[in-house]
Amino acid sequence: MSIRVGIVGISGFGGGEALRLIASHPSFELVYAAGESSAGSRLVDRFPGVPSKLAGLEIARWDPEALPDLDLLFASLPTGASAEALARVPEGVKIVDIGGDHRYVDGWTYGLADVWPERIRGQTRIANPGCFPVATLTALAPLLVGGLIEPGNIVIDAKTGISGAGRGGDSRFGYAESNENLQPYGLLQHVHMPEMATTIAHLAGGAAEGLVFTPHLVPMTRGLLVTIYGRGTASTGQCLEAARAYYAERPFVRVTERPPQTKWASGSNLAFVSYAADPERDLVIAMGVVDNLGKGAAGHAVQNANLICGLPETAGLEGAPVWP
Ligand SMILES: NC(=O)C1=CN([C@@H]2O[C@H](COP(=O)(O)OP(=O)(O)OC[C@H]3O[C@@H](n4cnc5c(N)ncnc54)[C@H](OP(=O)(O)O)[C@@H]3O)[C@@H](O)[C@H]2O)C=CC1
Ligand SMILES: CC(=O)N[C@@H](CCC(=O)OP(=O)(O)O)C(=O)O
């Protein structure tokens, strides 16, 4: 039996990637698409390559009180634009919110699916983690849980593709200003810091004091790499071994000896993690790679949806990454 699915924010990068994944999902049937300025157009007008069974579906003006019969709703709205409206969605409709309005909010489960799938199964309101937090926390979790890195004074240096900013935004995300250019942004106050600090403290059992996080825009469409520096006396081998054991049963996390590259994850729901450590310098380096639109957004959202719908976690997510 198919699960009736809707996507609000379907014309955006996150919503469009959710559409791509849902179109070939074995159990999901897309019956509702919504937005604001795109309302009234058909999916084929926005996505000329959409499978023909979905081509004629018309994008509705987003109205949580005018939903068709739905089992599951993916919300991919700008952060700040979803909380009020999603509170009006009927309780019987499960929601995965890809945006940032419900992370560590009462009544919502923080959907860090590769780390705590058991907390997600059986829930009906899931807040997808931000793209930088998911790469960071997936790399750090085995070390934090195993006491191989201190939760304090962690420094995260991150690089993201331009699609991380969505389709809108100011000119620094346009071709002329982003091509052949590197830009740090969000220094000391990026919105992802609270969810990273909360989760680090939770996993380690100690506060993430002194957390530093600096993202950089790099001239590529998709992909996100975090390089994380922390204190600890474990060796590289011990870090790798801890991660292999931690993720042994998890389908989407790949532990590699080579430093991971963004292309490895492109178009997939995979996360790659690796480590380098120098016990004599009390230094541990953790690295994490995801596709910001895959594990960083829509792929992770589908994984969370599979968990709350009681489906195999990998349903619709088994395609190999795009290479090159
Ligand atoms: N891009 C990424 O890599 C990631 C994004 N996210 C988060 O996902 C969310 C979506 O991001 P992204 O897809 O990149 O953003 P985009 O700017 O690409 O898309 C935003 C979407 O929201 C819709 N929208 C905006 N305002 C309204 C409204 N009032 N009512 C209905 N629809 C509205 C737009 O519809 P229309 O065109 O019809 O106006 C559009 O479809 C954000 O919260 C973002 O932070 C999270 C992780 C990664
Ligand atoms: C390049 C760029 O701007 N990236 C976004 C990350 C997108 C994301 O994960 O957003 P939410 O937390 O709002 O869901 C940023 O730094 O805010």
Side-chain angles (χ1 to χ4, degrees), residues 6-20 32-43 45-47 58-64 66 73-86 88 96-104 110-111 127-137 156 158-170 172-174 177-178 182-187 189-196 213-226 262 265-267 269 290-301 304:
I7 304 172
V8 53
I10 197 161
S11 72
F13 287 162
E17 184 73 353
L19 164 63
R20 187 176 76 84
Y32 174 71
E36 189 172 52
S37 63
S38 61
S41 52
R42 298 168 305 158
L43 287 185
D45 301 325
R46 312 295 297 202
F47 302 98
E58 189 172 307
I59 301 177
R61 185 160 297 284
W62 167 229
D63 177 356
L73 178 68
F74 292 92
S76 187
L77 297 168
T79 295
S82 73
E84 184 275 327
L86 292 184
R88 293 187 279 128
V96 179
D97 186 1
I98 296 174
D101 282 3
H102 293 104
R103 298 174 189 149
Y104 288 106
Y110 187 68
N128 235 39
C131 51
F132 292 116
V134 76
T136 299
L137 297 167
I156 305 157
K159 281 99 181 169
T160 177
I162 309 293
S163 66
R167 292 178 67 232
D170 60 40
R172 83 194 149 117
F173 305 120
E177 290 185 37
S178 61
L182 277 181
Q183 307 174 40
Y185 68 99
L187 280 90
Q189 57 184 19
H190 192 279
V191 290
H192 286 168
M193 288 188 67
E195 65 181 278
M196 290 201 271
F213 168 55
T214 306
H216 302 75
L217 273 180
V218 302
M220 58 187 184
T221 301
R222 289 173 181 240
L224 186 158
L225 163 72
V226 291
T262 54
S266 195
N269 186 46
V290 299
D291 181 334
N292 55 289
L293 293 174
K295 175 65 76 186
H300 206 178
N304 276 316

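Residue indices begin at 1 and follow the sequence shown. Hydrogens, waters and symmetry mates are skipped; everything else that's a heavy atom, side chains included, is used. On a predicted model such as this, the values are computed, not experimentally measured, just so you know. When a ligand or atom number is given, it counts from 1 through the structure's own listing order.
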Tell me the protein heavy atom at minimum distance from [atom], and give that distance in Å.
| atom | value |
| --- | --- |
| atom 29 (N) of ligand 1 | Glu36 OE2, 3.4 Å |
| atom 7 (C) of ligand 1 | Ile98 O, 3.8 Å |
| atom 21 (C) of ligand 1 | Ser76 O, 3.6 Å |
| atom 14 (O) of ligand 1 | Gly166 CA, 3.1 Å |
| atom 15 (C) of ligand 2 | His190 NE2, 3.4 Å |
| atom 32 (N) of ligand 1 | Leu77 CD2, 3.2 Å |
| atom 22 (O) of ligand 1 | Pro78 CD, 3.4 Å |
| atom 2 (C) of ligand 2 | Tyr185 OH, 3.2 Å |
| atom 13 (O) of ligand 2 | Thr79 OG1, 2.7 Å |
| atom 38 (O) of ligand 1 | Ser38 OG, 2.5 Å |
| atom 4 (N) of ligand 2 | Gly164 O, 3.1 Å |
| atom 10 (O) of ligand 2 | His192 NE2, 3.7 Å |
| atom 17 (O) of ligand 1 | Arg167 N, 3.4 Å |
| atom 14 (O) of ligand 2 | Arg103 NH2, 2.7 Å |

Exercise. Consider every N or O of Glu195 and every N or O of ligand 2, then say whether any pair is closer than 3.5 Å.
Key: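 No; every N/O pair is 3.5 Å or more apart.
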Quiz prompt | N/O separation below 3.5 Å, Cys131 to ligand 2 | solution =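 N/O-N/O distance below 3.5 Å exists for this pair.
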Is it the case that ligand 1 has an N or O less than 3.5 angstrom from some N or O of [X]?
| X | value |
| --- | --- |
| Val8 | no |
| Ala165 | no |
| Cys131 | no |

So, for [X] and [Y], which heavy atoms are closest and what is the spacing to 0.1 Å?
| X | Y | result |
| --- | --- | --- |
| Leu293 | Gly14 | CD2-N, 4.1 Å |
| Ala83 | Asp101 | N-OD2, 2.9 Å |
| Asp291 | Ala265 | CB-O, 3.6 Å |
| Ser178 | Gln183 | CA-NE2, 4.3 Å |

Short list, please: which atoms of ligand 2 are under 4.0 Å from a heavy atom of [X]?
| X | result |
| --- | --- |
| Gly130 | 9 (O) |
| Leu217 | 1 (C) |
| Ile98 | 14 (O) |
| Thr160 | 1 (C) |
| Phe132 | 16 (O) |

Answer yes or no: is there a donor N or O on one side and an acceptor on the other, between the side chain of [X] and the main chain of [Y], under 3.5 Å?
| X | Y | value |
| --- | --- | --- |
| Ser41 | Ser38 | yes |
| His300 | Gly111 | yes |
| Thr262 | Gly223 | no |
| Arg103 | Asn128 | yes |
| Asn292 | Leu224 | no |

Practice problem: Could you see which bit of Ser163 sits under 4.0 Å from ligand 1, with heavy atoms only: side chain, backbone, both or neither? | Solution: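 Contact part for Ser163 vs ligand 1: backbone (N, CA, C, O).
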Self-check item: Region of Ala81 that comes within reach of ligand 1 [heavy atoms, distance under 4.0 Å]
Solution: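 Neither part.
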Quiz item: Are any of the heavy atoms in Asn128 under 4.0 Å away from ligand 2?
Solution: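 Asn128: no contact with ligand 2 (<4.0 Å).
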With heavy-atom distances below 4.0 Å as the criterion, list the atoms of ligand 1 near [X].
| X | value |
| --- | --- |
| Ala297 | 47 (C), 48 (C) |
| Leu293 | 1 (N), 2 (C), 3 (O) |
| Gly168 | 17 (O) |
| Trp62 | 30 (N), 31 (C) |
| Gly14 | 12 (P), 13 (O) |

Quiz prompt | Test: Arg20 cationic atom under 6.0 Å from Phe47 six-membered ring centre, within 45° of axis | solution =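 No, Arg20 and Phe47 do not form such a contact.
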Quiz item: Under 4.0 Å from atom 46 (C) of ligand 1, is there any protein heavy atom?
Solution: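 There is a protein heavy atom less than 4.0 Å from atom 46 (C) of ligand 1.
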Quiz item: For ligand 1, is Gly130 a contact, meaning one of its heavy atoms is under 4.0 Å away?
Solution: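 The answer is no, since Gly130 has no heavy atom less than 4.0 Å from ligand 1.
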Could you check if a side-chain atom of [X] sits within less than 4.5 angstrom of a side-chain atom of [Y], using non-hydrogen atoms only?
| X | Y | answer |
| --- | --- | --- |
| Leu182 | Leu217 | no |
| His216 | Thr160 | no |
| Arg222 | Glu17 | yes |
| Thr214 | Ile156 | no |
| Phe132 | Pro215 | yes |

Quiz item: Using the ring of each side chain (for Trp, its six-membered ring), is Tyr32 parallel, tilted or perpendicular to Trp62, with breaks at 30° and 60°?
Solution: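 Because their plane-to-plane angle lies in the 30° to 60° range, the rings of Tyr32 and Trp62 count as tilted.
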Self-check item: From Ser37, Gly296, Ser11, Gly80 - option closest to atom 39 (O) of ligand 1 by heavy atom
Solution: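 Closest candidate by heavy-atom distance is Ser37.
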Quiz item: How far does CG of Leu19 sit from CD1 of Ile7, to the nearest 0.5 angstrom?
Solution: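 So the gap between those two atoms works out to 5.0 Å.
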Exercise. Would you give the length of the straight line joining atom CG of Asp63 to atom CZ of Arg88, rounded to the nearest 0.5 angstrom?
Key: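 If we round to the nearest 0.5 Å, Asp63:CG and Arg88:CZ are 6.5 Å apart.
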Quiz item: Would you say the side chains of Glu195 and Tyr110 form a donor-acceptor pair under 3.5 Å?
Solution: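 The answer is yes; a qualifying pair exists.
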Practice problem: Go through the steps to decide whether Asp97 and Ser82 satisfy the test side chain to side chain donor-acceptor pair (under 3.5 Å), and finish with yes or no. | Solution: CA-CA 8 Å; Asp97 186 1; Ser82 73; 3.1 Å; yes
